[in-house]
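Down below is the structure, laid out as structure tokens.
Numbering of residues begins at 1 and proceeds along the displayed sequence.
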Amino acid sequence: MASCHLLCNTFPFQTSCNLSSKSNTSSFQPRGSFSFCQKVQFRRTPVVKATRKQVELVYDPDEKLNKLADEVDKQAPLSRLTLFSPCKVNVFLRITSKREDGYHDLASLFHVISLGDVIKFSLSPSKSIDRLSTNVSGVPLTGDNLIIKALNLYRKKTGTDNHFWIHLDKKVPTGAGLGGGSSNAATALWAANQFSGCLATEKELQEWSSEIGSDIPFFFSHGAAYCTGRGEIVQDIPSPVPSGIPMVLMKPPQACSTAEVYKRFQLDKTSQADPLTLLEKISMNGISQDVCINDLEPPAFEVLPSLKRLKQRIAAAGRGQYDAVFMSGRFDLLHFNACVTVSYDNDGASLDSVLLSLSYSLNAMPHYVYAVKNLITRMVSSGSTIVGIGSPDPPQFIYDDDEYQDVFVSEANFLAREANKWYQQPASTTCSSPPEFSRSAE
């Protein structure tokens, strides 16, 4: 709470501020970095000289926002909403072919799990801007964030003009291959639809969401889905595994470059297992090591040998503890809205040389190309998570070895949702990494 202390002579102050009557705070127009937000509180405190009095004016910068929100509350049927935004694992991931547009076709069993973020939405009095805040660093807070993209997409599709104050309480680590950002986007679309009286069907939300991310449509399933195409073709299925099966997620802090993974990926050396056969085996017998195939695991391990070593140590230490140990996560090539593909598959081209060619093809100014480079550097580096199915506890060496002191660890379970309802937050989920600090931006 900020405070401002003003010392005034008794009579001049009474003449100009009229303390004897009710204060007219609405006529006060502040300037500078603070705002006049709370009802002005006056306290008269005697000082040594009888001819002077001390008046303390206390301002609460949050109160103005609360008052604005209260006004919105009075005018809207729904003005505030808190939703759980769960992440997912890929129980298996087969890469089946390479497409003409540079993406790869996949076949995968996606399943929602109980680890997730919490997002708070409030209707904003503004009709022109969303304001996003979060509890951790490293999360974009402007138009780059999938939450903002989802809200913009909903307004574009429906013609509504609702804007929001959003707070993202982040629990899912970024770049973990768990679809945290995609889930946030799906949750934002669901929220925007609720605020607008459900103008769109779930099917429409699912179809629209593929325009901003391949994994987003999955979260409009009921928790388990057989996904093909780029991941946007979602076949909703009953959960093939019991929800009570525990698991533990372990994500090292090291990043795994998407570009480098695809540079090493060889389609002719992938597993030949039929994905539908894998799905049938899981439905009949549950999750076992032989069905947890990820075709991107070998090239990812080449890029990041420490990730391979971590998986091997977990599997060795967890014999009898885990039914399966596997890498969850997939990596997408980048595309620009201008239909220019940034690919590192050919000739080992460096990012700088690719961007130089891009600048010539788009006749772009150098400062624009450097901005694109910074964006790509953030986006092409992602990590992957090792999942142990069958126990919520990591092996003891995760706690004992200094090498793994920065590994993110969380227990989880499989999760589903009811028809016409969003995912419900479980009673508790234990994570090893606390939030860092808060940031906000308009």
Side-chain angles (χ1 to χ4, degrees), residues 86-113 177-179 182-183 186 202-203 206-207 209-210 213-245 247 261-262 265-301 311 322-333 384-390 412-417 419:
C87 62
K88 66 163 179 67
V89 293
N90 306 56
V91 181
F92 66 79
L93 175 63
R94 287 290 337 281
I95 305 297
T96 57
S97 63
K98 186 171 182 178
R99 300 153 53 111
E100 292 183 359
D101 61 7
Y103 282 99
H104 289 75
D105 279 321
L106 60 86
S108 181
L109 171 59
F110 289 2
H111 207 303
V112 171
I113 60 174
L178 299 173
S182 296
S183 174
E202 284 190 27
K203 187 65 175 176
Q206 186 178 58
E207 291 173 353
S209 68
S210 66
S214 300
D215 282 355
I216 303 173
F218 159 70
F219 289 96
F220 291 99
S221 71
H222 289 90
Y226 179 67
C227 299
T228 53
R230 291 181 288 112
E232 84 285 6
I233 302 173
V234 179
Q235 181 182 342
D236 203 352
I237 61 174
S239 178
V241 293
S243 60
I245 294 179
M247 71 185 75
V261 169
Y262 274 98
F265 174 73
Q266 299 180 57
L267 187 61
D268 59 349
K269 292 187 178 181
T270 59
S271 168
Q272 299 304 306
D274 180 5
L276 288 175
T277 300
L278 295 176
L279 183 60
E280 183 180 3
K281 284 184 177 181
I282 293 171
S283 299
M284 294 178 61
N285 305 317
I287 297 176
S288 57
Q289 192 63 56
D290 63 313
V291 298
C292 296
I293 295 170
N294 189 327
D295 285 338
L296 293 179
E297 191 173 282
F301 286 170
K311 181 194 171 183
Y322 305 118
D323 300 322
V325 177
F326 59 91
M327 183 190 88
S328 180
R330 70 186 185 94
F331 306 84
D332 279 332
L333 289 173
S384 292
T385 300
I386 304 299
V387 182
I389 299 289
N413 297 91
F414 293 108
L415 188 68
R417 72 179 178 95

With no hydrogens and no angle check, is any side-chain donor or acceptor of Gln289 less than 3.5 Å from a backbone partner on Val325?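 Yes: the side chain of Gln289 pairs with the backbone of Val325.
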
Looking at Met327, is its backbone amide N or carbonyl O close enough to the side chain of Glu297 to form a donor-acceptor pair, meaning the two atoms are under 3.5 Å apart?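 Judged by distance alone, yes, a pair lies under 3.5 Å.
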
Side chains of [X] and [Y], heavy atoms from C-beta outward: is any pair under 4.5 Å?
{"X": "Ile216", "Y": "Ser182", "answer": "yes"}
{"X": "Pro217", "Y": "Ser209", "answer": "yes"}
{"X": "Leu415", "Y": "Arg417", "answer": "no"}
{"X": "Ser183", "Y": "Lys88", "answer": "no"}
{"X": "His111", "Y": "Pro240", "answer": "yes"}
{"X": "Val291", "Y": "Phe92", "answer": "no"}
{"X": "Asn90", "Y": "Phe326", "answer": "no"}

Closest contact, heavy atoms only, Arg94 versus Gln272: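 Looks like NH1-C, 4.1 Å.
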
Which pair of heavy atoms, one from Ala107 and one from Tyr226, lies closest together, and at what distance?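 Minimum heavy-atom contact is CB-OH, 3.5 Å.
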
Quick one: pull up CG in Asp215 and OG in Ser210 and give me the separation to the nearest 0.5 Å.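 Answer rounded to 0.5 Å: 11.5 Å.
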
To the nearest 0.5 angstrom, please state how far the CD1 atom of Ile245 sits from the CG atom of Asn413.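 One gets 9.0 Å once the value is rounded to the nearest 0.5 Å.
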
Check the orientation of Phe218 and Phe110. Use parallel for under 30°, tilted for 30 to 60°, and perpendicular for over 60°.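 Geometry flag for Phe110 against Phe218: perpendicular rings.
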
